[in-house]
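These numbers come from the heavy atoms of this one structure, side chains and all, not from hydrogens, waters or symmetry mates. Just so we're clear, the structure is a prediction, and the values are computed from it rather than from any experiment. Each chain gets a letter, A, B and so on, in the order its sequence line appears, and its residues count up from 1.
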Protein chains: 2
Amino acid sequence: MAMEPHLLRTFVTVARLGSFSAAARELGYTQSAVSQQIAVLEADLGAGLLHRRPVEPTEAGARLLEHAGPLLLRTAAARADIARLAGAPASRLVLAATPLAVTTGLAAALAATRQAHPGLELTVRVLGRPEVPAAVATGEADLGLTDGMAAPSDPLQLPDVGPLTAVAVAEQPVAVALPAGHPLAGRRGLDLADLADARWLDAPGVAVPAERLRAATGVAGFRPATRYPGTDLRGLLVLVAAGHGLAVLPQGVLDGVPGVLGAPVREPRLVHRTELVRGSLPEGPAALLARLLDPERP
Amino acid sequence: MAMEPHLLRTFVTVARLGSFSAAARELGYTQSAVSQQIAVLEADLGAGLLHRRPVEPTEAGARLLEHAGPLLLRTAAARADIARLAGAPASRLVLAATPLAVTTGLAAALAATRQAHPGLELTVRVLGRPEVPAAVATGEADLGLTDGMAAPSDPLQLPDVGPLTAVAVAEQPVAVALPAGHPLAGRRGLDLADLADARWLDAPGVAVPAERLRAATGVAGFRPATRYPGTDLRGLLVLVAAGHGLAVLPQGVLDGVPGVLGAPVREPRLVHRTELVRGSLPEGPAALLARLLDPERP
DNA sequence: ACCCTGCCATCAGCAATACTGATGGCCATG
DNA sequence: CATGGCCATCAGTATTGCTGATGGCAGGGT
């Protein structure tokens, strides 16, 4: 009677669907069972978790929801971690990667892996930044590649879903993407703080989010004129070229893009790094790929 | 039948005590129950978790142990988070703090809090760095103060035990603690990388751990001559004065210590920061104290 | 070499739990 | 006002999770 995972699972399902009966259908219970499970959870925690009619979380319920997701994720990660010890198929390789982590270097490493393991069933899943470590932790992916900005010596901050290890596989300088006619275009060595009042595109999926820029420069501003929630880089660059705003991106992706020029950032000192994420002991093709990507391969 | 918290709890207890019967005693079960619980867990995960005779974790068990602790911690945090919504005693205040976070500024703020809330039952618990956020998350403490080194604009990295918010309350420059006669004593603006081959004291409890120095400078070395696992600062400084090695500490704690001089660090750019950690909504005396400590108090 | 003691696994029996299916009250809708 | 969808509740049953008893196994003392 203490926060068992299956109770949490039905709770989050009910909260998500806004309905006891729908949750029951999805989970393969009767409506009665779901009602009782929620009642047990509420009795155990001594607080109402859901308003009824309409069904939506109470304050306590909202608080529980914040915990339930990570808790269930980590539970799945634990299970997956142990399952990995038992069976190793070795002919299947799933790689989870953020959009900017898919590079020609990766492609080359994948080619070499495929050559060494003919008949390999290879999957590359492009996911958002938070999903990549989760996929590796739960065993949905054998390896992950994330990217992000950080101070030159600091590691990227991974959400803590379990014992994952990360190693840097590539770094490149960071630049502000500017439309071709912009007065700063071609300038070398910008200080981001000077651009706090410029017009910005906030594209947390691919570029540096505005909030991060504020934190790194210690300056307010960077108010986004346009939000761009997706991960499609090409579309973002079209908007930049059209003058909808600026974005901070790794230098490399700006080369040769029509209508867009990059101005390297000098201050604050940031680099764009892509890191390889692995669960404790990769085997077979995953181990090979990890070694190929690691710049300090032994 | 899926990793219920009470099964995890008995598992970690058995692993810790190395005995089924002892765990049963501690948890108030019969030995039979503990045996069955472990059997259920092993059947569910499809892997042996413990060797018997002597009782110690298998490889799978070790893996599970890595997850079980955080999982149970977060479960407790969720429960505490919700409990906090219900009852607010308002006459009790528990503050958890790392050793270096206990400063005169804190003492002043505590005095003011006490004045505003006469009859306040105040507890200050000095804990290690990982324990402070855990104590706040589980509700054992109402507020926390942690300290650590970071790049000037980066937040400290808290272990992810739930939705906690942290704000910087103080920053001070960082210095290398040197024995009085040391050739570098009195020097201003050291580059830590130049000291990679010096003799170091590794005191992760109070000073910057060697590993962190390697990461920040990007240089190998900093091999610790002496390990100093505790948190007693005075003892550490005695060792520094006697020439047992150097340590990187916040400038302030070195002033007026006999036999020890501090040389400010110029590179890498690090600051010592203490941060206030709170669960979502402090009330009563905790709210007041939080406001008093926050440099940007409204 | 022996028994003894402490350990864990197993079994049977019982109590508590967690489901299903039926029913009833409530609200929104037509 | 009737109706349909929703959630709560209830009774009945299957399952689970415990206790207490028993048995096998290993290590230590005599």
When you get a sec, tell me which of D:dC7, C:dT10, C:dC19 is the closest nucleotide to the side chain of A:Ser21? D:dC7
Residue pair B:Ala39/B:Arg25 against DNA chain C: nearer the 5' end by closest nucleotide is B:Arg25
Just to verify, what does B:Glu131 make a side-chain hydrogen bond (donor to acceptor under 3.5 Å, both in side chains) with, not counting sequence neighbours? none
Could you state the atom-to-atom distance from NE2 of A:His6 to P of D:dT15 in whole Å? 16 Å
Which residues satisfy the side-chain contact (heavy atoms from CB on, under 4.5 Å) test with A:Pro163, sequence neighbours excluded? A:Arg74, A:Asp81, B:Glu66, B:His67
Could you give the CG-to-C1' distance, from A:Leu27 to C:dC19, as a whole number of Å? 14 Å
In whole angstrom, give the distance that lies between atom CD of B:Glu4 and atom P of D:dC18. 10 Å
Please name all residues satisfying side-chain contact (heavy atoms from CB on, under 4.5 Å) with B:Leu164, sequence neighbours left out, ordered by chain then number. B:Pro133, B:Val136, B:Ala137, B:Val161, B:Val277
Under 6.0 Å from the CD atom of B:Glu59, do we count more than 12 heavy atoms belonging to anything else shown? no
Expressed in angstrom and rounded to an integer, what is the separation of B:Glu56 atom CD from C:dC7 atom P? 16 Å
Treat primed atoms plus P, OP1 and OP2 as sugar-phosphate and everything else as base, then score nucleotides 20-30 of chain C 5' to 3': B for base contact with protein heavy atoms under 4.0 Å, S for sugar-phosphate contact only, - for none. BB----BS---
Those residues at least two apart in sequence (or on a different chain) that pass side-chain contact (heavy atoms from CB on, under 4.5 Å) with A:Ala203 are A:Val206, A:Ala207, A:Tyr228, A:Leu236
Which whole-number value in Å describes the distance from B:Leu7 CG to D:dT16 P? 13 Å
Nearest whole angstrom, please: distance from the P of D:dC25 to the CZ of B:Phe20. 17 Å
Counting side-chain heavy atoms from CB outward, which of D:dC7, C:dC8, D:dC18 is closest to B:Gln37? D:dC18
Test salt bridge (Lys or Arg N to Asp or Glu O under 4.0 Å), reference B:Asp142, set B:Arg278, B:Arg92, B:Arg84, output is B:Arg92
Rounded to whole Å, CG of A:Asp44 lies from C1' of C:dA18 at a distance of 15 Å
Do any side-chain atoms of residues 7-15 of chain B form donor-acceptor pairs under 3.5 angstrom with protein atoms, and if so which ones, sequence neighbours left out?
unit_1	atom_1	unit_2	atom_2	d
B:Thr10	OG1	B:Leu7	O	3.1
B:Thr10	OG1	B:Gln37	OE1	3.0
B:Thr13	OG1	B:Arg9	O	2.7

Strand contacts (DNA chain D) in residues 11-18 of chain B, 4.0 angstrom heavy-atom criterion: none
Got a list of side-chain donor-acceptor pairs under 3.5 Å for residues 29-36 of chain A, not counting sequence neighbours?
unit_1	atom_1	unit_2	atom_2	d
A:Thr30	OG1	A:Ala33	N	3.2
A:Ser32	OG	A:Gln36	NE2	3.0

Return the value, rounded to whole Å, for the distance between atom CG of A:Leu41 and atom C1' of C:dT17. 16 Å
So the salt bridge (charged side-chain N to carboxylate O under 4.0 Å, His left out) pairs with at least one residue in residues 25-36 of chain A (sequence neighbours excluded) are A:Arg16-A:Glu26
